[in-house]
Amino acid sequence: MKTTRLIIAFLLLGFITQAQQKPKTKEKEKAPTQSEIDAMLKEAQMELNKMSLEDKKMLDSMGIKMPGMRSLPKFTDQQYQDAMNEGEFTIPKKDLARISSVRLKPMSSSELTFYVKSTATKVEQRMDAKKRAAGKEAYTAVKAKYKEPGAVSTAASVYWMMGVLQPAIYLMGRACQDDPNNPDHLNNYAAFLTMARAEDAALPILIKLNKDYPKNSTIHNNLGHAWLGLGDVDRAEKYLDSAIALFPNHSQANFTKALIAKSRGNNTRAITLLKKSIARAYSADKQSELKLLGYTLTGKDVPWNMPLPQDALGLSKFSWPSYPKNMDENKRLESEWGDFVEMCNKRKAELAAHRGKADSNFNDTYSKNLQALAKGESVRASMLSKKASIQLDYIMSNTEGSLMNILKREEEALQDAVKNITELEEIRDQELQMVHKKFELLMGEGKPNPFKDYCAALTSVRNNFLSSANSLLESRYKSYLRALERVMNERAYYIQYTLPDDAVEGWKLNEKAKWLGYISSAHPVRFEPDDGVCKLVPPQKNAVVKLAEFEDLHCPNVVELSVPPIISWRMACGKSHYEGGAGPINFSLDYHDWKEEIIRGSIEIGASESIGVSSGPLKAELEGKLAGFIEFDKEGITDVGIIAGVEAKAGVEIKTGSEEIESVGGEMISVGVTSRIGWNSGGSVTVFNN
C-alpha cells in the first residue's frame, strides 16, 4: 500500500505543479481532496487531448503509452493525506503493552540461548510460507557447503542488504542457534528484528549483550532504536547519546537524534547532528533533511571513504620537449616541438575515431533506458552517484581550496607570466636595436665588418631572452599542468560513478584528447627566428618523439560480500552485481518478487582473525582495525567506505594483489565466511503480517 501511495503522491504533485503553479508556503501542506483531484485530472486530460497526432505517434514509437485518466484508481481523502505525509519522521506513540512485556533484567547465557531459539521459532511462524521455505533452502545450501557459522550470518547480511528481508531474518536466527555465544550474530539478529518492527523481541537480546559488553556503540545504538520503535523516547535518547559519546560520528545514532531534534523545532541542533552523521557516511536522506533545514551540502562535508588513485588517466606519464634556453637549442627544439605537436594531433585523430563509436553506443543505451523508463521499468544507476556528484560539484566550484579554485589561481599566475614575457620581448627588441645601431657604422665595403662580434652580441641578447622567458614559462606552465592534471584525474575518477559505462567511455576519450592539446599546441614556449646573418651551430638530429600511453580508467576499489555459490554481492564504481540464490530465489529472473522495502541502517566490516570478540559486537569506534562499512537507506546502498586498518588487512582479504586492483593501486574488501559484520539499525518497516 505504501508504494501505491507514493506513486499517487508523485502523480498528484506533478499535476498540481503543472495545472496550478501555486507558490509554496511555510505551513504544512495539506493533500488535495478527491474532488480537487478529480478537477485536476479532468484538466490534465483536456491538455492531453490537445496533443497533436504527430506528437502522440512519436511518443508511441518510443514506447510511451498515453495514460487514460479515467483508469486511475480512486482513493480516500485520508489515503491521499497519508501519501503526502509519507517519509515524515514522527516519534512513535508509546506502545505500553509491548513495553511492559520486555524483560529488563539481563538473562543468563542459558536463558538467552533458549530465548533466541523460541523467538526464532515464533518469527518463522509469522513469515510468508514461500519466503520461509526460501530461507530454509538457503540455510541448507550454506550448511552443506560451509562448516563456519559465519557463512550463514554473512549470507543473511547480503540478503538483508538486497531487501530480501524474511529469508535474511531466518538465516540470522539460524546463525545464532548454531553459534549461540557469538556476539555479532546475536547483535545482528536483534538489529534485524528492530528494523522489522519486532523491537520487543530484540530488546532482551540487546539488554543481555549490554551487560556482557558495556560501552559498545553498536549495542547502544541498537538499544536506542529498539526503545524508540516502542515509543519510549527517554530510554531511546539515553542510549543514542551514549552511542554518540562512544563514537562521535556514529551514522545512525546522529541521524535519528537529528530527526528527534527537528521534530522538536531545534533545527540548529539537527543540522549539527546531520553533518556529523554524514561525516561518517553519506545518504540522500540526510542530504534532503539538511536541505529542508536550509543547509546546502558541499564536498567539504562529505568525505570520500575510499582510496583515490593518484593518476586515474595516467597523465603524469606524459612528457614533452624541453624549452630552449639559448640559440644553440632554439632550432633543434623548435623542430622537436613540431614533431611532437604532429604526433599529438595524430593520436587525437585516433581518439576521435573511437569517440564516434562510443557516442553511438551511448546513444543506443540512452534510447533503451528512456524507453524502459517510459514503460515503468527501472534503470540501474550507480549507488554512489549522488555522493560522487557532490564531490564533482565541489571540484569544479570556485570555492576556496577546491581543485578548480587552485587551477584558476595557477591559470592567473600563468597569464601574469605571459604578460611578463611581453615586457621581456620589449627589452629584447630595444637591446637588439642598440646592437644594430652600434655595429651599423662598422659594416659595409671598406669597413672593419666585425661579424663575429656582431653575431655574438645578437646571440647574447637572444640567449638572455630565451633563458628568461622560457624559464619563467616552463616553470609556470608546469605548475599549471600539475594542477590541471589533478582536476582531470579526480574528475575522471568520480565521473565513473555518475555516468553510464557507455558515456564514461566517450567522456574519457574526449578528456584524453584535451590533455594532448594542453601538452602540445597549448604550450606557451617561445622560439627566436633565424635572422640569416649569423651562422649558428647546425642543429643536432631531432630526438625521437614518443608519446606515453594513457591509463585505462579503472574502478580501483571493490567491495564484496560473498558466500559462493549461494549468494554474492560485489560493488565496483558504485555499480553492484548479485550472483547466486539458493532454492526458489533466482536473482537474475525474479528478484523483484522477493525484494521488500529497504530501510536505513549500516554495517561495520572487520576480520575475526584480527579483532577479538572480547569487546562484543563489531563497533564503529574500532576504526584502526576495521576494513570498511556500508550505508544504505530506502533507496539502497548510498555509501561504501574502505578503512583498511592494518590489523584488518590479513583477515578481511583486502586484495591488493589481484590483477584488476593492483595495476591501479586500489584496494578490495572481500568479506567471506570468516569475516565479522556488525549491524547498526536505523529506521524500521513492517516485515511480518500481524
Side-chain angles (χ1 to χ4, degrees), residues 282 296-320 341 344 347-348 351-352 355 358 382 384-418 472-501 503-525 547-557 573-574 663-666:
Y282 167 85
T296 301
L297 206 61
T298 72
K300 284 185 176 181
D301 302 310
V302 187
W304 189 260
N305 300 302
M306 289 183 285
L308 282 171
Q310 294 298 309
D311 195 6
L313 291 171
L315 305 182
S316 64
K317 299 191 299 181
F318 285 80
S319 59
W320 41 86
V341 171
C344 288
R347 180 76 66 84
K348 285 165 65 178
L351 292 171
R355 175 67 189 268
S382 165
L384 301 183
S385 60
K386 292 182 179 179
K387 182 181 179 184
S389 295
I390 295 172
Q391 301 297 331
L392 279 173
D393 288 344
Y394 181 63
I395 288 172
M396 303 308 295
S397 72
N398 196 32
T399 306
E400 183 67 29
S402 71
L403 294 185
M404 186 55 73
N405 179 260
I406 294 172
L407 179 62
K408 184 178 180 181
R409 292 204 301 269
E410 290 292 345
E411 185 176 10
E412 291 171 350
L414 178 61
Q415 292 172 350
D416 290 341
V418 172
L472 177 60
L473 289 174
E474 186 174 31
S475 173
R476 291 305 336 151
Y477 202 65
K478 182 179 180 181
S479 183
Y480 169 77
L481 285 177
R482 293 289 79 83
L484 177 64
E485 176 185 311
R486 189 176 174 193
V487 169
M488 293 180 71
N489 272 321
E490 290 207 17
R491 186 169 58 185
Y493 173 79
Y494 290 121
I495 280 289
Q496 297 174 99
Y497 293 86
T498 60
L499 294 179
D501 291 338
V504 172
E505 182 64 27
W507 185 87
K508 70 182 181 183
L509 290 171
N510 188 55
E511 289 294 284
K512 291 175 181 179
K514 285 182 181 179
W515 178 251
L516 292 171
Y518 286 127
I519 64 174
S520 59
S521 55
H523 252 100
V525 61
L547 282 177
E549 295 295 329
F550 289 101
E551 288 288 347
D552 192 14
L553 197 56
H554 287 287
C555 298
N557 304 304
C573 274
S663 61
V664 288

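With rounding to the nearest 0.5 Å, the separation of CZ in Arg491 from CE in Met404 is 6.0 Å. To the nearest 0.5 Å, atom CZ of residue Arg409 and atom CG of residue Asn398 are 9.0 Å apart. From Lys514, atom NZ reaches atom CD1 of Ile519 across 15.0 Å, with rounding to the nearest 0.5 Å. Residue Lys348 holds its NZ atom at 5.5 Å from OG of Ser520, rounded to the nearest 0.5 Å. Within the model, atoms CG of Leu403 and CG of Leu484 stand 11.0 Å from one another, a figure rounded to the nearest 0.5 Å. Distance OG1/Thr399 to CG/Asp393: 10.0 Å, rounded to 0.5 Å.
Checked against the 6.0 Å centroid criterion, the rings of Tyr497 and Trp304 qualify as a close aromatic pair.
Considering every non-hydrogen atom in both Val302 and Tyr282, the closest pair reads CG1-CB, 4.0 Å. Of all heavy-atom pairs spanning Asp301 and Thr296, the tightest one is OD2-O, 4.2 Å. Smallest separation of non-hydrogen atoms from Val341 and Ser521: CG2-N, 4.3 Å. Minimum interatomic distance between Ser316 and Glu485 (heavy atoms only, all atoms of both residues): CB-OE2, 3.3 Å. Between Gly401 and Ile406, the closest heavy-atom pair is O-CD1, 3.9 Å.
Classification of Lys408 and Glu411 as a salt-bridged pair fails, no side-chain N sitting under 4.0 Å from a carboxylate O. Using a 4.0 Å cut-off between charged side-chain N and carboxylate O, Glu511 and Lys508 make no salt bridge. Here Arg347 pairs with Glu549 in a salt bridge; the nearest charged N to carboxylate O distance falls below 4.0 Å.
At a threshold of 4.5 Å between non-hydrogen side-chain atoms, the residues Lys387 and Asn305 count as touching. Here the side chains of Cys344 and Leu547 are in contact, with some heavy-atom distance below 4.5 Å. Side-chain contact between Ile390 and Leu297 is present, with at least one heavy-atom pair separated by less than 4.5 Å. Counting only heavy atoms from C-beta outward, the side chains of Met306 and Tyr493 approach each other to under 4.5 Å. Side-chain contact check for Val418 versus Tyr477: every heavy-atom pair is 4.5 Å or farther apart.
The salt bridge (Lys or Arg N to Asp or Glu O under 4.0 Å) contacts involving residues 304-313 comprise nothing, where partners must be two or more places apart or lie in separate chains.
With hydrogens and angles disregarded, no donor-acceptor distance shorter than 3.5 Å links the side chain of Asn510 to the backbone of Trp507. Judged purely by atom type and a 3.5 angstrom limit, Lys512 has no side-chain atom pairing as donor or acceptor with the backbone of Leu315.
Taking a 6.0 Å sphere around NZ of Lys317, one finds it holds more than 12 heavy atoms contributed by other residues, nucleotides or ligands.
Classification of the Phe318-Trp515 ring pair by plane angle, with boundaries at 30° and 60°, yields perpendicular.
Judged as a side-chain contact (heavy atoms from CB on, under 4.5 Å), and not counting sequence neighbours, the contacts of Thr498 are Ala388, Ser389, Leu392, Ile495. Not counting sequence neighbours, the partners of Glu410 by the side-chain contact (heavy atoms from CB on, under 4.5 Å) test are Arg476, Ser479, Tyr480, Ala483.
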side-chain contact (heavy atoms from CB on, under 4.5 Å) between Leu481 and Trp320, worked out: CA-CA 12 Å; Leu481 285 177; Trp320 41 86; 3.6 Å; yes

